[in-house]
Amino acid sequence: MDKVKAKKHLGQHFLTDENVAKRIADTLTLEGYKKVLEIGPGMGVLTKYILDKPTETFVVEIDTESVDYLNKHYPKLHNHIFGQDFLKFNITEAFNQEAFAVIGNFPYNISSQIVFRVLELRDYVPEFAGMFQKEVAERICEKKGSKTYGILSVLTQAFYDTEYLFTVSEHVFNPPPKVKSGVMRMRRKENYSLPVSEKLFFSVVKAAFNQRRKTLRNSLKGFNLPEEIREEAIFNLRPEQLNVEEFIDITKKIEIHGV
């Protein structure tokens, strides 16, 4: 088997530029963990550079053809390949509850789902880096005040420091995607526990941005805050005008005053 054929239903676009692959691998800081999990390695263009690092490298790959290719060409991955769907299998059990970084050239069709899954695994994932559709990478790292700032921005930045690193041309893939890509990195905050109910915080953020053209006074009506609280100045704002700390403050008000 010389090459793996890219499968459209899996959103596969194989990176062909070695320099870009090395740059992505080099985004790992290797701080606070000894294991790395690459999602969707394909034919291993990124994998080989991760394997050069002083970490134990694992890969998770749903495509059986790619799994066969990796087994054949990367003997270092022996017993380190999970032929699974990252979104569905119990990775913490596979890693025996140990910390691990996550990296990859992520399939665009499930990239947001991968981010939300990493947020669920945040107790185990001190670092998350890789390549997304450029707009998604920018959204994750965007600060308040922008039209692209949204649910993904707030929820990731509640737990991680995010950083947009560099843009990648569509011409370094086979087949080339129709959009540019962006590489970003998330490093877990030293104190990443919220002083409010995480479930309520998520609900508040989603409710606000699901009606992003409305002020918070209107979009958060369903949380039944007393009128005198909803008259406070912060409720005159729209969701893109609030940073993480301000969303936490609103969540606190709802915890205290909501009925």
Side-chain angles (χ1 to χ4, degrees), residues 32 87-88 90-92 97 99 102 106 109-128 132-164 182 184-259:
L87 297 175
K88 294 179 180 176
N90 191 337
I91 184 64
T92 57
Q97 312 290 310
V102 175
F106 304 112
N109 56 342
I110 59 165
S111 60
S112 293
Q113 292 169 263
I114 290 172
V115 176
F116 284 120
R117 180 67 180 131
V118 167
L119 290 180
E120 290 173 3
L121 296 169
R122 59 188 175 273
D123 287 341
Y124 306 99
V125 182
E127 187 163 60
F128 175 57
F132 295 80
Q133 182 176 332
K134 184 172 184 281
E135 288 180 358
V136 175
E138 287 175 335
R139 188 175 301 127
I140 291 168
C141 302
E142 191 60 83
K143 302 304 179 191
K144 73 173 187 177
S146 162
K147 287 183 179 179
T148 56
Y149 179 75
I151 294 172
L152 204 55
S153 321
V154 176
L155 297 186
T156 53
Q157 291 171 38
F159 307 104
Y160 289 85
D161 293 319
T162 62
E163 188 179 3
Y164 186 92
M184 69 96 214
R185 176 174 59 210
M186 295 170 22
R187 298 175 68 186
R188 192 176 62 198
K189 293 180 177 180
E190 192 170 329
N191 179 10
Y192 62 95
S193 61
L194 299 183
V196 291
S197 158
E198 290 174 3
K199 185 177 180 181
L200 181 59
F201 176 75
F202 276 54
S203 297
V204 169
V205 173
K206 289 176 180 177
F209 280 104
N210 282 338
Q211 301 183 69
R212 65 180 300 146
R213 292 186 179 183
K214 293 185 177 181
T215 64
L216 298 173
R217 179 173 292 114
N218 291 310
S219 61
L220 300 182
K221 267 183 181 174
F223 292 98
N224 296 320
L225 279 167
E227 187 62 34
E228 65 268 21
I229 301 294
R230 288 173 52 228
E231 287 299 322
E232 293 179 12
I234 195 168
F235 289 94
N236 289 328
L237 301 177
R238 291 184 172 83
E240 69 270 14
Q241 295 175 285
L242 273 65
N243 60 23
V244 170
E245 289 70 28
E246 289 165 320
F247 271 109
I248 289 172
D249 287 343
I250 282 187
T251 306
K252 279 181 184 173
K253 292 178 190 297
I254 291 171
E255 279 188 330
I256 296 167
H257 301 286
V259 291

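All figures in this text were calculated on a predicted structure; none of them were measured in a lab. We number each residue from 1, following the sequence as shown.
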Give a yes or no answer on whether the side chain of [X] reaches the backbone of [Y] with a donor-acceptor pair at less than 3.5 Å.
X	Y	answer
Arg187	Glu127	no
Glu142	Ser153	no
Thr162	Met186	no
Arg217	Arg230	yes

Within this structure, what is the [atom1]-[atom2] distance for the pair [X] and [Y], rounded to the nearest 0.5 Å?
X	Y	atom1	atom2	value
Asp123	Phe159	CG	CZ	9.5 Å
Ile248	Ile250	CD1	CD1	11.5 Å
His257	Ile229	NE2	CD1	4.0 Å
Ile91	Tyr124	CD1	OH	11.5 Å
Tyr160	Leu155	OH	CG	12.5 Å
Asn90	Leu121	CG	CG	8.5 Å

Please find the pair of heavy atoms, one from [X] and one from [Y], that lie closest to each other, and give the distance.
X	Y	result
Thr251	Ser197	CG2-O, 4.3 Å
Ala208	Pro239	O-CG, 3.4 Å
Ala99	Pro126	CB-CD, 4.2 Å
Arg188	Arg122	NH1-O, 2.6 Å
Glu255	Pro195	OE1-O, 4.5 Å
Val244	Phe201	O-CE1, 4.2 Å

Are there more than 12 heavy atoms of other residues, nucleotides or ligands under 6.0 Å from atom CD of Glu231?
yes
Any non-hydrogen side-chain atom of [X] less than 4.5 Å from a side-chain atom of [Y]?
X	Y	answer
Val204	Val196	no
Asn218	Phe235	no
Lys189	Asp161	yes
Lys147	Glu240	no
Phe202	Ile151	no
Phe209	Arg212	yes
Gln157	Lys143	yes
Leu220	Leu225	no

Please lay out, stage by stage, how Arg117 and Glu120 fare under the test salt bridge (Lys or Arg N to Asp or Glu O under 4.0 Å).
CA-CA 5 Å; Arg117 180 67 180 131; Glu120 290 173 3; 2.9 Å; yes
Test side-chain contact (heavy atoms from CB on, under 4.5 Å) applied to Ile114 and Phe132, step by step:
CA-CA 11 Å; Ile114 290 172; Phe132 295 80; 5.7 Å; no
side-chain contact (heavy atoms from CB on, under 4.5 Å) between Leu216 and Leu242, worked out:
CA-CA 10 Å; Leu216 298 173; Leu242 273 65; 3.5 Å; yes
Pair Phe106, Gln133 - check side-chain contact (heavy atoms from CB on, under 4.5 Å), show working.
CA-CA 9 Å; Phe106 304 112; Gln133 182 176 332; over 6 Å; no
State whether a side-chain donor-acceptor pair under 3.5 Å links Glu138 with Thr148.
no
